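Treat the numbers as computed from the prediction; the structure is a model and nothing was measured. All heavy atoms count here, side chains included; hydrogens, waters and symmetry mates do not. Throughout, protein chains are lettered first and strands after them, A, B, ... in sequence-line order, and every chain is numbered starting at 1.
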2 protein chains.
Amino acid sequence: MAADKRVSDLLRENGLKATKGRVEMLGLFLKAGRPLGQMQIMEMLGLKLDRASVYRTLNAFTEAGIIHMAYVNGRHRVYELPDKCSGRNCHPHFSCRSCGMTACLEGFQVRYKGNLGKGFVAERQKVLIEGLCPDCKEK
Amino acid sequence: MAADKRVSDLLRENGLKATKGRVEMLGLFLKAGRPLGQMQIMEMLGLKLDRASVYRTLNAFTEAGIIHMAYVNGRHRVYELPDKCSGRNCHPHFSCRSCGMTACLEGFQVRYKGNLGKGFVAERQKVLIEGLCPDCKEK
DNA sequence: AGCATGGATGCGACATTATTGCAATAATAA
DNA sequence: TTATTATTGCAATAATGTCGCATCCATGCT
Ligand SMILES: [Mn+2]
Ligand SMILES: [Mn+2]
Ligand SMILES: [Zn+2]
Ligand SMILES: [Zn+2]
């Protein structure tokens, strides 16, 4: 598949061997266009990869900067491509306290007033808005 | 101790029995003035409470609104008093990606531009700035 | 003060998420 | 193609948090 070739190259450009599992996982992130956790990845891939390999790949991708952890949902770590983020301005997420539904907030800017303090260096922000989704707001 | 009396009353005002463990834990939060996790709590209390009780108390306090989860540090959930927060404007935190050091950011305002979307209700924000602390910046 | 009662605790078992050691395997360079 | 070395699968282990249950104790009532 031609898409696989591009994904493989992307992996090698980032210093990672283009193994089957990695190609499938990165392809999934590219195709999904939304944050993914370990369980979802394995289900979408048909449980073909070992759990440990999925975790190791998520860590490898994160260290390489191909993905980053978007947020923690309960006990689950959820990862995504950093494509909707620009530099230190990572896009925020919303989480429904009632049903656990989460969503990327794209049309939503975060601004800060004040400064961190002498010597601190900001590299990234994680913003999570908690509240109620439209469904849970009813009733 | 007179302080214990006040803490006990605070617990009862929130519909919680003023047991020894709860008085000690809430006293710790009031005295510490900084976010605390389960491990820190048990160490500071000399391991007098059972692990399960600490977790149950953290949950009870959270449901009562006496504390809330400030952030997740690796696998650890860290809680704090909501006294530095006002309504839906919870104060942000900083976390050093190198040493794991975290800090409350008090002189730091967060502003949003744009809106959530029809039907969404924002109740709380969790903002975590990741980067390097002064010590780790030196390297 | 003494007693009754229901919630809280201690303890062990369990659930879940994530990591690690190690032998087998597969991706890359020569 | 072969050699080299990172990666994988598998099982064991770690780490965090929850649950059931018998016991205990904080509270309200007498
Ligand atoms: Mn996102
Ligand atoms: Mn804080
Ligand atoms: Zn919802
Ligand atoms: Zn640091």
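Along DNA chain C, the nucleotide nearest A/R51 and the nucleotide nearest A/S8 are compared for position; the residue whose nucleotide lies closer to the 5' end is A/R51. Positionally, the nearest nucleotide of DNA chain C for A/M39 lies more toward the 5' end than for the other of A/A52 and A/M39.
B/N14 places its CG atom 13 Å from the P atom of C/dA8, with the value rounded to the nearest Å. Counting to the nearest Å, the P atom of C/dG12 and the CG atom of B/D50 are 9 Å from each other. Here C/dT28 presents its P atom at 11 Å from NZ of A/K5, a figure rounded to the nearest Å. One can place CG of B/L10 at 18 Å from P of D/dA26, the figure rounded to the nearest angstrom. C/dG10 atom C1' lies 15 Å from atom CE of B/M25, rounded to whole Å. Protein atom CD of B/E24 is 11 Å distant from nucleotide atom P of C/dT9, rounded to whole Å. Atom CG in A/L16 sits about 15 Å away from atom C1' in D/dT5, given to the nearest Å. Atom-to-atom, CZ of A/R22 to P of D/dG9 comes out at 11 Å; the value is rounded to the nearest Å.
Taking the screw axis at each terminus of the helix from C/dA1-D/dT30 to C/dA30-D/dT1 from five consecutive base pairs, the angle between the two is 40° to within rounding of 10 degrees.
A donor-acceptor contact closer than 3.5 angstrom links the side chains of B/H93 and B/E80. No hydrogens or angles considered: a donor-acceptor pair under 3.5 Å links the side chains of A/T102 and A/Y71.
The shortest heavy-atom contact between B/R22 and B/A60 is NH2-CB, 4.3 Å. Minimum interatomic distance between A/G100 and A/S95 (heavy atoms only, all atoms of both residues): O-OG, 4.4 Å.
Residues of residues 70-80 of chain A having a heavy atom closer than 4.0 Å to DNA chain D, listed by number: A/R75. Against DNA chain D, the stretch residues 55-65 of chain B makes heavy-atom approaches under 4.0 Å through B/Y55, B/R56, B/N59.
In this structure, B/K84 places its NZ atom where more than 12 heavy-atom neighbours from other residues, nucleotides or ligands lie under 6.0 Å away.
The CG atom of B/L26 sits 10.5 Å away from the OG1 atom of B/T57 when rounded to the nearest 0.5 Å. Of the inter-residue distances, the one linking A/E43 atom CD with A/Q38 atom CD reads 9.0 Å to the nearest 0.5 angstrom.
A distance-only check finds a donor-acceptor pair linking the side chain of A/Q40 to the backbone of A/G37 [under 3.5 Å]. With hydrogens and angles ignored, the 3.5 Å screen pairs a side-chain donor or acceptor of B/D50 with a backbone N or O of B/A52. Between the side chain of B/S53 and the backbone N or O of B/L49 there is no donor-acceptor pair closer than 3.5 Å.
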Which atom pairs link the protein and nucleotides 24-26 of chain C when you take only N or O atoms and keep those under 3.5 Å?
none

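A salt bridge is absent between B/R6 and B/D9: the closest approach of a Lys/Arg side-chain nitrogen to an acidic carboxylate oxygen does not fall below 4.0 angstrom.
Applying the salt bridge (charged side-chain N to carboxylate O under 4.0 Å, His left out) test to pairs two or more places apart or on separate chains, those with a residue in residues 95-104 of chain A are A/R97-B/E123.
Annotation: side chain of A/E130 is in contact with side chain of B/K126 (closest heavy-atom distance under 4.5 Å).
When hydrophobic residues (I, L, V, M, F, W, Y) are linked wherever their side-chain heavy atoms come within less than 4.5 Å, the members clustered with B/Y112 are A/F94, A/M101, A/L105, A/F108, A/V110, A/Y112, A/L116, A/F120, A/V127, A/I129, B/F94, B/M101, B/L105, B/F108, B/V110, B/L116, B/F120, B/V127, B/I129.
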